[in-house]
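Some notes on the structure that comes next.
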2 protein chains.
Amino acid sequence: MAATETLTAERILEATEEVLRRYGPAKATVVDVARVLGVSHGSVYRHFRTKAALREAVTERWLERTIVALVPYVEAEGPADERLTGWLTALFALKRKKAGGDPELMATFQVLIGENSAVVDRHEEHLVEQIARILEDGHREGLFAAPERDVKATARAVFDATDRFHNPAHAADWSAPDAEDAFTAVVSLVQRALKA
Amino acid sequence: MAATETLTAERILEATEEVLRRYGPAKATVVDVARVLGVSHGSVYRHFRTKAALREAVTERWLERTIVALVPYVEAEGPADERLTGWLTALFALKRKKAGGDPELMATFQVLIGENSAVVDRHEEHLVEQIARILEDGHREGLFAAPERDVKATARAVFDATDRFHNPAHAADWSAPDAEDAFTAVVSLVQRALKA
DNA sequence: GCGATGACAGATTTCAATATCTGTCACTCC
DNA sequence: GGAGTGACAGATATTGAAATCTGTCATCGC
């Protein structure tokens, strides 16, 4: 179907996502992807060297979306402490919505994440950079104390301290009734630590 | 072997641990446990209603050991802030040693933990209580600021913020070269947040 | 010429038959 | 009398043969 369109990496990635969504990470095959696209599986291998590379690219695309969704919170108006809380809240809300809205898709995603730790490491770096930018502004505004070491290390500490509220490994805990309170408590702990 | 000794819950738990250690969580059976003890599997069911109950008891015992090992750090001499750092460091070191020393055993343990979230919840409660005790002392000593809500909530926030360094789900990260630095950074973040 | 194909070898997965395990209970034997 | 047994039914796991998948590449056809 739609065999008239040229076969691009982009179209293959979309089809792969659909197949992963439909069959899950264990049963999604390259043959399935090719079938969705109406081509032979050999054609898929023209764009991606291996099945692993294809899955990695999907993972990357997926994570990239989170980064993009958070940009507005990095560039928001207002004092840096509020922006930090806004950013952390947005990240938690985003992850929680995904996990709660489609638990199966989340499970699929978690498998992909487990397979591609290098991609995840780079993703975490990006998130830490977003925190660091807010922290720098806060320091400039006189809201946050000078970091003990460098801003990046502090940003990483903030990221690690809130890990329980964005790491998919903890997705199961996010539906607990006191998850919101626990999140608020950790954020206010972090805010007190940063305060000038 | 040693069939002369009476069959106690304690002996069954020890045998179960041995079987779990040797065969892993997937292949450890009640029949194996009975074989180690030199009894019929029916006898095991006299002490534990189900295989699940048996595994739960093993998990509980295992977690209890961590609590006991940490008591000296709760009751240590010295200022509360140092005691808190000591306690957190001890917990991280304990977990890291177990994870690094025998990864397979750790994987087994993680499966048990996944099966028995109620037991884990109670365990976390105990750990949070240990933190709360140190926090109370720190408040009395004038080292820690008055908690925004109750001490328990703050203790839980400290526990959550350091999650990445004691939750077995993150065991894989603990061997990274910068794990130690990341831990220190989060602990110093927490300390700044608590400071009076 | 170049993107697409499909047959192929070796690796992995599926499926159904077989074996083992879980949990029960009437029984044994001290 | 009560701890311990082992045969049993239903559930779960193992196994090996057959099917499918991955990745390659000589070939096709536009």
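Keep in mind the model is a prediction, meaning the values are calculated, not measured. Keep in mind that the numbers below use all heavy atoms, side chains included, and drop hydrogens, waters and symmetry copies. In what follows, chains are A, B, ... by sequence order, proteins preceding strands, each numbered from 1.
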Practice item. Quick one: do B:F183 and B:L88 satisfy side-chain contact (heavy atoms from CB on, under 4.5 Å)? Show the steps, please. Key: CA-CA 9 Å; B:F183 172 73; B:L88 289 168; 4.1 Å; yes

Point to revise | Short side-chain donor-acceptor distance under 3.5 Å, A:T59 and A:E115 | key: no

Report the nucleotide, chosen from [options], that has the shortest atom-to-atom distance to any side-chain atom of [X].
X     : options               : value
A:Y45 : D:dT22, C:dA4, D:dT5  : D:dT22
A:K27 : C:dT14, D:dT24, C:dA4 : C:dT14
A:K51 : D:dT22, C:dG23, C:dA4 : D:dT22
B:V30 : D:dG6, C:dT22, D:dT24 : C:dT22
A:R46 : D:dT5, D:dG23, C:dG3  : C:dG3

Within this structure, what is the [atom1]-to-[atom2] distance between [X] and [N], rounded to whole angstrom?
X     : N      : atom1 : atom2 : value
B:L37 : D:dT5  : CG    : C1'   : 15 Å
A:R55 : D:dC21 : CZ    : C1'   : 12 Å
B:F48 : D:dG4  : CZ    : P     : 13 Å
A:Y23 : C:dT14 : OH    : P     : 13 Å
A:R35 : C:dT5  : CZ    : C1'   : 16 Å

Check your understanding: So, is A:S40 near the phosphate of C:dA4, with a side-chain N or O under 4.0 Å from OP1 or OP2?
Key -> no

Review point. Quick one: does A:T89's side chain get under 4.5 Å of A:T184's, heavy atoms only?
Key: no

Practice item. Scan A:T29 against the nucleic acid and name what it touches under 4.0 Å (heavy atoms): base, sugar-phosphate only, or nothing. Key: sugar-phosphate

Check your understanding: With sugar-phosphate meaning primed atoms plus P, OP1 and OP2, does B:V31 contact a base, only sugar-phosphate, or nothing at under 4.0 Å between heavy atoms?
Key -> base

Study note, to complete from the structure: salt bridge (Lys or Arg N to Asp or Glu O under 4.0 Å) test vs A:E17 passes for just one of A:R22, A:R65, A:R55, namely A:R65

Exercise for review: For A:E141, enumerate each residue passing the side-chain hydrogen bond (donor to acceptor under 3.5 Å, both in side chains) test, keeping only those at least two apart in sequence or located in another chain.
Suggested key: none

Point to revise | Which residue lies more 5' along DNA chain D, comparing A:D32 with A:R49 via nearest heavy atoms | key: A:D32

Review point. Does the gap between the ring centers of B:F165 and B:W174 come in under 6.0 Å?
Key: no

Check your understanding: Are there more than 12 heavy atoms of other residues, nucleotides or ligands under 6.0 Å from atom CZ of B:R149?
Key -> no

Check your understanding: In residues 113-120 of chain B, what residues come within less than 4.0 Å of DNA chain C, judged by heavy atoms?
Key -> none

Exercise for review: Report the residue (A:H41 or A:H47) whose heavy-atom-nearest nucleotide on DNA chain C is the more 5′ of the two.
Suggested key: A:H47

